[in-house]
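Below you'll find the structure, written out as structure tokens, and then a few comments.
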Amino acid sequence: MQAVTLFGYAFLSNVALAVLPHEPAVIWYGARFGVWPTTLVATAGTVAAALVDHQIFVPLIRRAAARRPSRAADPGPTARGWPRLFARAPFATIALSGLTPLPFFPFKALAFTTRYPLGRYLVAVAARSVPRYALLAWLGVVVRLPTWLIAALFVLLLIPSVRMLPWLRPSAS
């Protein structure tokens, strides 16, 4: 039952537009479920979320691109650099993004807009997730955090995400 719950949470916390942080859950399950079972189940949930995202967003992006040519402003040299880096080494860019504290959605967007193949994308997401989840699960085993502290960490990590909710944004009047 724990594996099913962890899989579901990993899925919900990694699907596009998710606001749930996965780190506290992986730390908590690591202490109770073990490093490798936690890593593999959380990775499976993340890969399932990546599959759903790909199946939903790639067709939407293709339809939007076919309807009208982009009239977007020049994003600047820094923003133009990411697609160039991604074009050189897309698998490595996705896989290594798991070792950074950066959010994953920009890399996901690059994969979708450049039509990166689904199979390679899913393998790259798995390669990105395994070391990250193993480290978090190991942290849960080595440093036995009390449940109240993990709950506090969850709330703390939830704060930036909650600010993105449309009904909580201040109106520009």
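If you're wondering where the values come from, they're calculated on a predicted model, not measured in any experiment.
- Residue Tyr29 forms a side chain to side chain contact (heavy atoms under 4.5 Å, CB included) with just one option from Val35, Val41, Thr5, and that option is Thr5.
- Surrounding CZ of Arg32 are more than 12 heavy atoms belonging to other residues, nucleotides or ligands, all under 6.0 Å away.
- Trp36 and Phe33 fall within the same hydrophobic cluster, defined by Ile, Leu, Val, Met, Phe, Trp and Tyr side-chain heavy atoms under 4.5 Å apart, directly or through other members.
- Taking CD of Gln2 as the start and OH of Tyr9 as the end, the distance is 15.5 Å to the nearest 0.5 Å.
- Residues Thr39 and Trp138 are not in side-chain contact: their nearest non-hydrogen atoms beyond the backbone lie 4.5 Å or more apart.
- Side-chain atoms of Thr114 and Pro90, non-hydrogen and from C-beta on, never get closer than 4.5 Å to each other.
- The structure places CG of Leu122 at 10.5 Å from OH of Tyr116, a figure rounded to the nearest 0.5 Å.
- Atom-to-atom distance recorded for Ser129:OG and Leu40:CG is 11.0 Å, nearest 0.5 angstrom.
- Residues in residues 2-18 take part in no salt bridge (Lys or Arg N to Asp or Glu O under 4.0 Å) pair, two or more places apart or across chains.
- In terms of modelled atom types and a separation under 3.5 Å, the side chain of Arg128 and the main chain of Leu96 share no donor-acceptor contact.
- Counting only heavy atoms from C-beta outward, the side chains of Val123 and Phe91 approach each other to under 4.5 Å.
- Here Leu118 contributes atom CG and Gln55 contributes atom CD; the two are 6.0 Å apart, rounded to the nearest 0.5 Å.
- Distance CZ/Arg132 to OG/Ser97: 8.0 Å, rounded to 0.5 Å.
- Phe11 CZ to Leu51 CG: the interatomic distance, rounded to the nearest 0.5 Å, is 8.5 Å.
- There is no path of hydrophobic side-chain contacts, each under 4.5 Å, that joins Val47 to Leu99.
- Counting heavy atoms from C-beta on, the side chains of Leu110 and Thr93 never come closer than 4.5 Å.
- Contact annotation: the side chain of His22 approaches that of Asn14 to within less than 4.5 Å [non-hydrogen atoms, C-beta and beyond].
- Lys108 is listed as a side-chain neighbour of Tyr121, based on a closest heavy-atom distance under 4.5 Å.
- Tracing side-chain contacts under 4.5 Å through hydrophobic residues (I, L, V, M, F, W, Y), one never reaches Trp28 starting from Val4; they form parts of separate clusters.
- Scanning both residues, Ala10 and Ala42, for their nearest heavy atoms gives CB-O, 3.5 Å.
- Counting only residues at least two apart or on different chains, no salt bridge (Lys or Arg N to Asp or Glu O under 4.0 Å) pair has a member in residues 91-102.
- Here the shortest heavy-atom pairing between Gly140 and Ala31 reads O-CB, 3.1 Å.
- No option in Leu139, Leu135, Thr38 other than Leu139 meets the side chain to side chain contact (heavy atoms under 4.5 Å, CB included) test with Ile27.
- Ring geometry, His54 versus Phe112: the interplanar angle exceeds 60°, so the pair is classed perpendicular (tilted spans 30 to 60°).
- There is a path of hydrophobic side-chain contacts, each under 4.5 Å, that joins Val26 to Val143.
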